[in-house]
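Here is the structure we will look at.
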Amino acid sequence: TLEQTEAEAFALLERPEDEGWFKRVRAVRDGRVALVDGNEMFNRPGPRLVEALEWLVWFFHHAHEGARVPLGLEKFPWKPFDRSV
């Protein structure tokens, strides 16, 4: 679930510095990480894989510009990773 993904991301941030590779990733430092329910969208064959690909294209090319999520993907299970929570 999205909640599990978020919990795992925070667990990566809490690792000791020698294992804390996640917090050194530039996208994490810059606040450009998306949390996605991978089990629902990426791990199962079918039409959702196409939706996941469309979402990835939007995220990598337009999300940082503040562009709205394309029509048909409004309910895609994702949210920005907010380290301050």
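In this text the structure is predicted, and so the values were computed from the model without any measurement. All residue numbers refer to positions in the sequence shown, counting from 1.
A search for side-chain contact (heavy atoms from CB on, under 4.5 Å) contacts involving N39 returns D37, N43, R44, not counting sequence neighbours. F59 meets the ring pair (Phe, Tyr, Trp, His ring centres under 6.0 Å) test with W55, W78; sequence neighbours excluded.
Both F10 and V28 are assigned to one and the same hydrophobic cluster, defined by single-linkage of ILVMFWY side chains at heavy-atom distances under 4.5 Å. Hydrophobic cluster membership differs between L49 and M41, with clusters built from Ile, Leu, Val, Met, Phe, Trp and Tyr side chains linked at under 4.5 angstrom. Note on L12: it clusters hydrophobically with L35, by side-chain heavy-atom contacts below 4.5 Å among ILVMFWY residues. Residues F60 and V33 do not share a hydrophobic cluster, defined by chaining ILVMFWY side chains whose heavy atoms lie under 4.5 Å apart. Hydrophobic cluster membership is shared by L13 and V25, with clusters built from Ile, Leu, Val, Met, Phe, Trp and Tyr side chains linked at under 4.5 angstrom.
Once rounded to the nearest 0.5 Å, the distance linking CD of E3 with NZ of K79 reads 6.5 Å. Rounded to the nearest 0.5 Å, atoms CD (E51) and NZ (K75) are 11.5 Å apart.
When all heavy atoms are compared, the tightest approach of K23 to R15 is NZ-O, 3.4 Å. Of all heavy-atom pairs spanning A52 and F76, the tightest one is CA-CE1, 3.7 Å.
At least one side-chain heavy atom of V36 sits under 4.5 Å from a side-chain heavy atom of F42.
For Q4 (side chain) and L2 (main-chain N/O), no donor-acceptor pair under 3.5 Å exists by modelled atom type.
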